> 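Pasting a structure here, questions to come.
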Amino acid sequence: MRSYDVCECGAPLRLMERPTPKPAGTEVLLKVLAAGVCHSDLHIWDGYYEMGGGKRMNLLERGIKLPLTMGHENVGEVVALGSEAKGVKIGDRRLVHPWMGCGECAVCKRGEEQLCMKPRSLGVHSQGGYADHLMVPHPRYLFDIGDLPPERAAPLACSGVTTYGALKKIGPVLTEEPIVIIGAGGLGLMCLGLHKVMGGKGAIVVDIDPAKREAAMQAGAQAVVDGAAPDAAKQIRAMTNGGAWAAIDLVGASSTARLGIDGLIGKGGRLVIVGLFGGDITISTPMFPLRAMTVQGSYVGSLPEMAELLDLVRRKGLPAVPLATRPLADVNTVLNELRAGKVVGRVVLTPPILG
Ligand SMILES: [Zn+2]
Ligand SMILES: [Zn+2]
């Protein structure tokens, strides 16, 4: 099999060849049909997260091993099965839930493998989908996509379930009050689309890039705000009758988290931070009780949430997110375009014709 691997942090991915693995036990081998390129790949590629104040979290020290095949938004076709892999057969097209834990601890047992302390996530801790083949340890991670095109279904594995998980944390307010979505990249437009599908009341979308604000308006945002405007928080408060009940920060920079808090309603508001851009903020502790404020993190999504998301998409249709397909061999170019902020919506790498 062939794959494009991170062999050295930040250096171009290298085309590698290794024997195609044979599935054993509960394992399932897929031929990759579509692999979405996610912003978090840039952090994994670099090998660190910016923690604010000049500090960095080194991912190689946190258990990520090179060479690594990234790619965690995958749809594939089953080509081989271990003897204990039940529920799928050769030729089935499946979306792969990549957020895998050990499968044995209490956290995994209650269905929250994404929060396991021994993560095995595909494309992060084990080999992902920037390849022609992908091994999945158990059929429970495979979801039927029905007649959805593979390239449209693939982004559900990360940008879909991540924004679904964040939107669910808002609770019933979602259908009663407009929310603020900060960031209108691939994640932001997916969040906006799912918010609609989930019966959301309306969304004010914030981005510093006019092209992305335009894309958000096209995708049905109630209003857009330039995040770089000095009065951005004031604009949000004016549009929401004094402040929003909930904001989702898909960027996760110091400035966006600050804006999220400042744009919230006086009392009882909630900020959900999803993005990993990096930074830090200071919040006066009395503000938590006095404003009855919640600041919450959300990391990808659980297996049950993936099942709910696919059920929702089957009933209500896929959110319309701008999407471009490119050959796998373009992976380095696509990652660089993403880093330069040139990608509107999602790029999905389609079947690897590696020559
Ligand atoms: Zn991702
Ligand atoms: Zn576990």
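Heavy-atom basis, side chains included; hydrogens, waters and symmetry copies ignored. No experiment lies behind these values; they were computed from the predicted model shown. In listed order, ligands and their atoms are each counted from 1.
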> The Zn ion (ligand 1) to His39: any N/O/S contact under 2.8 Å?
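Within the cut-off used here (under 2.8 Å), His39 places no N, O or S atom near the Zn ion (ligand 1).
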> Please determine which of Asp5, Leu335, Asp41 meets the side chain to side chain contact (heavy atoms under 4.5 Å, CB included) test together with Leu13.
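Per the side chain to side chain contact (heavy atoms under 4.5 Å, CB included) rule, the option paired with Leu13 is Leu335, out of Asp5, Leu335, Asp41.
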> To 10 degrees, how wide is the angle SG (Cys116) to the Zn ion (ligand 2) to SG (Cys108)?
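Vertex at the Zn ion (ligand 2): approximately 110°.
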> Does CD in Glu8 sit with more than 12 non-hydrogen atoms of other residues, nucleotides or ligands closer than 6.0 Å?
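Not more than 12 within 6.0 Å, no.
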> What is the ring orientation for His43 with Tyr49, classed by angle as parallel under 30°, tilted 30 to 60°, or perpendicular over 60°?
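Tilted: the ring planes of His43 and Tyr49 meet at 30° to 60°.
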> Would you give the angle at the Zn ion (ligand 2) between Cys102 atom SG and Cys105 atom SG, to the nearest 10°?
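Result: 110°, to 10°.
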> How long is the span from the OH atom in Tyr141 to the CG atom in Asn74, to the nearest 0.5 Å?
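Nearest 0.5 Å value for the OH-CG distance: 15.0 Å.
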> With the Zn ion (ligand 1) at the center, what angle do NE2 from His72 and SG from Cys38 span, rounded to 10 degrees?
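Centred on the Zn ion (ligand 1), the NE2/SG angle is 110° (to 10°).
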